[in-house]
Every structure is written in C-alpha cells, then in structure tokens.
Amino acid sequence: MKNPFLRHTLSTILYRFKKSLSTTETSFGIFNVGGEARTPNNIIDHMYDVLCYSRTLISIDKYEAPSIKKAIDITDKTNLFISELAKLDTLLADKELSFNESKPLIQGPFSDILTHIGQLSMLSRLHGNPITGEDFSAAPIVTGIS
C-alpha cells in the first residue's frame with residue numbers, strides 16, 4: 001500500500017468529521033455564535049478548500065481555489081467534502097510520496113482540518129447536540145475511503 005500513514009490520516013479525518021456532525025440537524029449549518037465566528041457551513045467550505053489545496057501539493061498542479069459555497073445546506077457540503085477526501089485518498093493510493101513530500105501535508109492542511117473538526121464538535125455542543133465521548137485511539141478506523 002502506498003502512503004499508508006497519510007491515507008490512514010485521511011480515514012481518521014473522515015471518521016472524526018462524521019462524528020462531529022453525527023448529532024446535528026440541517027439547521028446546524030447556519031448556527032452562529034456571534035461576532036466574527038464562522039458558521040459550520042463556513043468551516044466546511046474552508047475545509048473543502050484546504051482539501052483541494054492538498055491535492056495540488058501532491059499533483060503539483062496550479063492551485064485554483066474552488067468553492068462549495070453554491071451548495072446550500074450542510075448535507076450537500078458534507079457530501080462534497082467527503083467526495084474530495086475520497087479523491088485525495090485515491091491520489092495517495094496511486095502516487096508514492098517521500099517523507100519530505102509528506103511532511104507539508106501533515107503539518108499544514110491535515111492538521112488544519114483536524115483543528116476545524118474540533119471546532120465543529122464544539123459548535124455542535126453549543127448548539128445543544130454534544131457528540132458522545134470516545135477513545136479515538138481505539139476507534140474502528142479502516143484505511144481507505146470508498
């Protein structure tokens with residue numbers, strides 16, 4: 001298997017992303033805690049852009065910021081994010097990266113996305129729908145996104 005650690009990290013992102021939204025409803029996407037805080041929809045838009053940027057780090061394509069802002073509700077945005085995760089997983093399954101090529105993915109986009117998943121979990125709690133606790137080190141995460 002090529003890039004097993006990076007691909008497992010993507011599977012971890014998927015697992016935690018789904019968990020962070022597991023207790024939410026459609027109205028959660030526009031939940032606003034006030035001030036300059038992002039809504040869950042805004043956070044998922046950003047996470048999607050970060051994933052698209054990740055693919056350009058691997059394929060050395062020119063980065064053009066895509067947008068899922070056209071997707072109206074959190075369900076559509078969630079599905080597009082998961083689809084982009086799958087595209088990135090497929091790319092990593094096909095192209096072996098060296099350790100030095102992998103480091104920028106971990107320290108940049110992958111860590112950023114995990115941070116934002118934590119924000120979604122916190123917002124879910126503030127919205128009145130806390131996620132259930134879990135030992136994530138024992139979570140049933142399988143490498144590969146289909």
Over all heavy atoms of both residues, which pair between [X] and [Y] is shortest? Give the atoms and the distance, please.
{"X": "D73", "Y": "N41", "result": "C-OD1, 4.2 Å"}
{"X": "Y48", "Y": "L80", "result": "CE1-O, 3.6 Å"}
{"X": "S11", "Y": "G144", "result": "OG-N, 2.9 Å"}
{"X": "F31", "Y": "P40", "result": "O-CD, 3.2 Å"}
{"X": "P109", "Y": "L57", "result": "CG-CD1, 4.1 Å"}
{"X": "L105", "Y": "L97", "result": "CD1-CD1, 3.7 Å"}

- Item | T39 and N42 side chains, donor-acceptor separation under 3.5 Å | yes
Student check: side-chain heavy atoms of [X] and [Y] closer than 4.5 Å:
{"X": "L14", "Y": "D89", "result": "no"}
{"X": "S27", "Y": "H127", "result": "yes"}
{"X": "T9", "Y": "I106", "result": "no"}
{"X": "P4", "Y": "T143", "result": "no"}

- Kindly state each residue pair satisfying ring pair (Phe, Tyr, Trp, His ring centres under 6.0 Å) with at least one member in residues 102-125, sequence neighbours excluded. H46-H116
- Message: Is it the case that atom CD1 in I30 sees more than 12 heavy atoms from other parts of the structure closer than 6.0 Å?
- Response: no
- Taking atom CZ of F5 as the centre, does the number of heavy atoms from other residues, nucleotides or ligands within less than 6.0 Å exceed 12? no
With the 4.5 Å side-chain cut-off for hydrophobic clustering, are [X] and [Y] part of the same group?
{"X": "V50", "Y": "I43", "answer": "yes"}
{"X": "F28", "Y": "M122", "answer": "yes"}
{"X": "L114", "Y": "Y53", "answer": "yes"}

Between [atom1] of [X] and [atom2] of [Y], what distance do you get to the nearest 0.5 Å?
{"X": "F136", "Y": "T12", "atom1": "CZ", "atom2": "OG1", "value": "10.0 Å"}
{"X": "I44", "Y": "N79", "atom1": "CD1", "atom2": "CG", "value": "10.0 Å"}
{"X": "I82", "Y": "I13", "atom1": "CD1", "atom2": "CD1", "value": "12.5 Å"}
{"X": "K87", "Y": "C52", "atom1": "NZ", "atom2": "SG", "value": "7.0 Å"}
{"X": "L88", "Y": "L10", "atom1": "CG", "atom2": "CG", "value": "5.0 Å"}
{"X": "L120", "Y": "R38", "atom1": "CG", "atom2": "CZ", "value": "10.5 Å"}

- Take M47 and I117, measure what side chain to side chain contact (heavy atoms under 4.5 Å, CB included) needs, and give me the verdict at the end. CA-CA 9 Å; M47 291 168 51; I117 290 170; 3.7 Å; yes
- Message: Quick test of your reading of the model: are K2 and D94 salt-bridged, counting only N-O distances below 4.0 Å?
- Response: no
- Applying side-chain contact (heavy atoms from CB on, under 4.5 Å), name anything that partners S98, two or more places apart in sequence or on another chain. N100, E101
- Which residue pairs pass the salt bridge (charged side-chain N to carboxylate O under 4.0 Å, His left out) test with at least one member in residues 9-32, sequence neighbours excluded? K19-E134
- Query: Using 30° and 60° as the class limits, which term best fits the ring planes of F17 and F81: parallel, tilted or perpendicular?
  - Reply: tilted
